[in-house]
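Please read the structure below before turning to the comments.
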Protein chains: 2
Amino acid sequence: MATMHDVARLARVSVSTVSYVLTGTRPISEATRTKVLAAMAELDYQPNAMARGLATRRSRIVGLLMPMDERGLGATETAFVTGAAAAASVAGYHLVLSPVGAADVDDLRRLATQRMLDGVVLMEVQVEDGRVAALQEAGLPVVLIGRTADTTGLPFVDIDFDQTVREAVAHVVGLGHRRIVYVNHSAAALAAGYGPAVRTRDAFFSAMTGHGLEPVMIPAEDSAAGGRAALSAAIERAPDLTAVLAMNENAIFGILGELAVRRRVVPDDVSVVSMVTSPQVAELAHPALTAMTSPGAALGRIAVEALLRQLDGAGGETHQQLLPCKLEIRGSTCPTRKQHELTGSGPPGS
Amino acid sequence: MATMHDVARLARVSVSTVSYVLTGTRPISEATRTKVLAAMAELDYQPNAMARGLATRRSRIVGLLMPMDERGLGATETAFVTGAAAAASVAGYHLVLSPVGAADVDDLRRLATQRMLDGVVLMEVQVEDGRVAALQEAGLPVVLIGRTADTTGLPFVDIDFDQTVREAVAHVVGLGHRRIVYVNHSAAALAAGYGPAVRTRDAFFSAMTGHGLEPVMIPAEDSAAGGRAALSAAIERAPDLTAVLAMNENAIFGILGELAVRRRVVPDDVSVVSMVTSPQVAELAHPALTAMTSPGAALGRIAVEALLRQLDGAGGETHQQLLPCKLEIRGSTCPTRKQHELTGSGPPGS
DNA sequence: ATGAAAGCGCTAACAC
DNA sequence: GTGTTAGCGCTTTCAT
């Protein structure tokens with residue numbers, strides 16, 4: 001492995017000259033620059049990342065911190081990861097994946113003080129999240145995917161859950177539905193203050209109330225079985241329901257299965273909207289799901305870009321951004337029967 | 001940020017002594033050890049990872065290299081990633097995620113010579129994969145998830161596709177099925193020499209031939225639409241098919257949808273087996289899918305562990321391991337009608 | 001059992 | 001425009 005000394009010797013210049021053509025932090029004559037470049041090519045030289053990191057106190061590594069307790073990531077979280085990795089790679093940064101749950105604050109503190117990471121993106125943020133304080137104490141720049149209750153001075157990117165829920169509710173209300181149930185994440189997630197769960201809950205209550213309707217929310221475990229149970233509970237609480245909104249990526253398939261078992265046809269008997277979903281997942285169901293499509297990889301990308309901007313000194317304002325989900329109407333929603341009669345349009349799917 | 005010097009001064013010992021209590025590479029008297037430990041605690045000392053990396057020429061970072069071209073990762077690949085991240089974390093290593101496709105050999109070469117990575121795990125390996133040679137030239141230890149055509153001296157962990165296909169075929173043949181179609185990955189994946197695609201193809205041909213049956217394979221794009229198209233093609237080639245095996249995680253939902261449209265009931269009319277699938281995904285379908293359950297996170301974990309063992313000198317034999325998928329019978333397969341008559345058991349689902 | 005000091009490969013003053 | 005050199009914070013000989 002060639003070092004900078006080797007390059008300098010071969011090009012008959014000093015090491016600092018080599019360093020400067022590399023970093024471009026001071027003018028170099030065209031003649032020597034080419035000499036040096038030639039020597040580098042000749043020796044297949046690549047600067048040693050550790051040495052550079054030690055000297056500059058910048059590793060060019062950023063962390064992506066997320067809990068990996070449960071049964072792996074959903075499609076949405078996976079998209080965050082791939083988006084973040086791609087963005088880091090494009091900028092010449094490395095992205096390390098660190099499983100750091102909200103409980104492992106000590107691990108995090110250790111990680112932060114190792115000075116291996118220039119900054120971190122924190123995923124699966126909870127409304128009260130000790131990790132944020134730990135990172136700030138360590139002086140490690142951070143951008144959140146999600147957000148805490150108090151976001152003053154904290155850069156974050158998040159899904160606009162308020163808009164998402166509002167549009168989803170407006171969509172089904174516009175189709176004539178009145179009896180609408182929202183299947184949220186689990187009670188445990190709600191209790192832990194998991195952002196998407198609590199924010200959609202609040203947004204659902206306010207949206208429904210705004211339409212003069214009664215909000216009915218059912219929490220569900222994140223699995224097909226959880227969805228089944230939730231639908232049963234939903235029908236118990238609102239036997240006349242005609243629309244279900246579901247946040248829970250896996251649960252929604254359980255909901256569909258249970259509806260089938262109960263001989264309720266989607267969308268004729270019950271309309272279903274999947275919230276914060278990737279198009280691919282929406283297409284897996286039959287009929288394909290009307291869904292609020294999540295910004296997916298964009299969220300991860302934007303978070304990393306904001307972090308890198310912060311690292312590169314800019315010192316501009318703290319990046320705070322809410323990304324909307326986009327309503328994509330597919331086959332799982334349709335007007336209520338009553339609505340049909342009013343508008344005179346024929347019943348769907350027949 | 002406290003350095004080793006600070007600790008040494010506070011403990012009234014030399015820096016080397018501090019270093020030795022840290023690394024344990026030479027005996028230290030109990031008295032000084034406690035003094036040093038106390039000083040470390042007092043100062044909240046954490047060794048600087050870059051400095052240590054430069055001095056030892058070991059970064060304690062391993063890379064997870066995977067292409068991220070297409071529309072993100074499937075559930076199976078995601079499990080590899082989380083398994084790898086967890087294993088690395090447990091061993092005190094960091095895991096960097098690098099999007100390096102089979103095409104980006106130059107990027108890879110650059111990455112490898114930066115000396116930032118102690119070793120790498122290579123995912124989505126193709127039968128002929130230039131990345132392997134590039135890594136070996138760079139002298140970077142590597143473990144494959146998947147394998148190339150020639151694996152001599154190459155450590156790898158892979159799914160035992162032969163066993164997987166054989167068991168799946170045996171399962172449906174045992175249920176009386178004779179007309180069996182295999183829906184593989186896309187024609188492009190096959191042409192590119194994507195391991196899972198070519199190996200299952202070969203295994204399917206040999207398994208079917210072994211049973212005296214005609215192998216019918218249909219490639220499919222990795223999407224619900226791809227699955228629909230594949231099933232249509234399948235029915236055209238084998239109108240009398242009674243069983244479908246599908247490799248393609250997303251396509252399988254398209255297959256189910258198309259079967260529903262054609263009024264072919266699963267499993268009564270057509271049995272369906274999902275190959276190399278996670279239990280969660282299998283549970284999403286209705287009825288839940290009989291599946292060959294993939295080793296998932298275990299694969300990622302084992303790959304990282306093998307890599308770390310290789311780094312820690314051991315110099316033992318090269319780790320080569322094939323992990324089986326496990327047949328989990330759910331609701332999407334059942335005996336053929338003819339088989340029913342023979343065994344006298346009642347028709348299912350009625 | 002402990003200390004002193006020479007690197008590890010690079011960057012960035014500080015000279016000229 | 002270029003060279004010299006002192007670190008960056010650690011590990012690891014070589015002494016004692």
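Sequence lines set the chain letters: A, B, ... in the order given, protein chains first and strands last, and positions in each chain run from 1.
Between the side chains of A/Ser14 and A/Thr17, at least one donor N or O sits under 3.5 Å from an acceptor N or O.
In this entry the distance linking CD1 of B/Ile28 with P of C/dA1 reads 9 Å, nearest Å. A/Arg12 places its CZ atom 16 Å from the P atom of D/dT2, with the value rounded to the nearest Å. Atoms CE (B/Met1) and P (D/dC8) sit 15 Å apart, rounded to a whole Å. Taking atom CG of residue A/Asn48 and atom C1' of nucleotide C/dG9, one finds them 6 Å apart after rounding to whole Å. Taking atom CZ on B/Arg60 and atom P on D/dT11, their separation rounds to 11 Å, with Å as the unit. Taking atom CD of B/Glu30 as the reference point, atom C1' of C/dA1 lies 13 Å away to the nearest angstrom. Remark: C1' of C/dT2 and NZ of B/Lys35 are 10 Å apart, rounded to the nearest angstrom. Rounded to whole Å, the distance from OH on B/Tyr45 to C1' on D/dG9 is 7 Å.
Using a cutoff of 4.0 Å between basic side-chain nitrogens and carboxylate oxygens, A/Asp312 and A/Arg58 are scored as salt-bridged.
Residue-level contact check: B/Leu22 touches neither bases nor backbone, having no heavy atom under 4.0 Å from any strand. Looking at heavy-atom distances under 4.0 Å, B/Ser29 makes contact with sugar-phosphate atoms alone, never a base. Note on B/Thr32: only backbone sugar-phosphate atoms sit closer than 4.0 angstrom, heavy atoms only; bases stay farther off. Residue-level contact check: B/Ser19 touches the bases, meaning some heavy atom is under 4.0 Å from a base atom. Within the nucleic acid shown, B/Arg115 has no heavy atom closer than 4.0 Å to any nucleic acid atom.
Considering only side-chain atoms of A/Leu54, the nucleotide from C/dT11, D/dG9, C/dA5 that sits closest is D/dG9. Nearest to the side chain of B/Pro27, among C/dA1, C/dT11, D/dG9, sits C/dA1. For A/Thr56, the listed nucleotide lying nearest its side chain is C/dT11; candidates were C/dT11, D/dT13, C/dC8. Among D/dT4, C/dG3, C/dG7, the nucleotide with an atom closest to any side-chain atom of A/Ser14 is D/dT4. For A/Val13, the listed nucleotide lying nearest its side chain is D/dG3; candidates were D/dG3, C/dC10, C/dC8. Closest approach to the B/Arg26 side chain among D/dC8, C/dT2, C/dA1 is made by C/dT2 (side chain taken as heavy atoms from C-beta onward).
By the 4.5 Å heavy-atom criterion applied to side chains, B/Gln320 and B/Arg147 are not counted as neighbours.
Here the CD atom belonging to B/Gln46 is positioned 8.5 Å from the CE atom belonging to B/Met1, to the nearest 0.5 angstrom. Between the CZ atom of A/Arg199 and the CG atom of A/Asp158 there is a distance of 6.0 Å, given to the nearest 0.5 Å. Distance check: A/Arg33 CZ to A/Lys35 NZ gives 13.0 Å after rounding to the nearest 0.5 Å. Distance check, rounded to the nearest 0.5 Å: CG of A/Leu95 to CG of A/Leu117 gives 9.5 Å.
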Assess whether side-chain contact (heavy atoms from CB on, under 4.5 Å) is satisfied between B/Glu77 and B/Val81, documenting all intermediate values. CA-CA 6 Å; B/Glu77 288 80 24; B/Val81 175; 5.7 Å; no
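Contact annotation: A/Thr23 does not reach the phosphate of C/dT11 (side-chain N/O to OP1 or OP2, under 4.0 Å). Residue B/Arg52 places at least one side-chain N or O closer than 4.0 Å to OP1 or OP2 of D/dT11. Put simply, B/Tyr20 has no side-chain N or O that comes within less than 4.0 Å of OP1 or OP2 on C/dA4.
Contact check of residues 3-10 of chain B against DNA chain D (heavy atom, cut-off under 4.0 Å) returns B/Thr3, B/Met4.
Residue side chain A/Ser16 reaches the base of D/dG3 through a donor-acceptor N/O pair under 3.5 Å, judged by distance alone.
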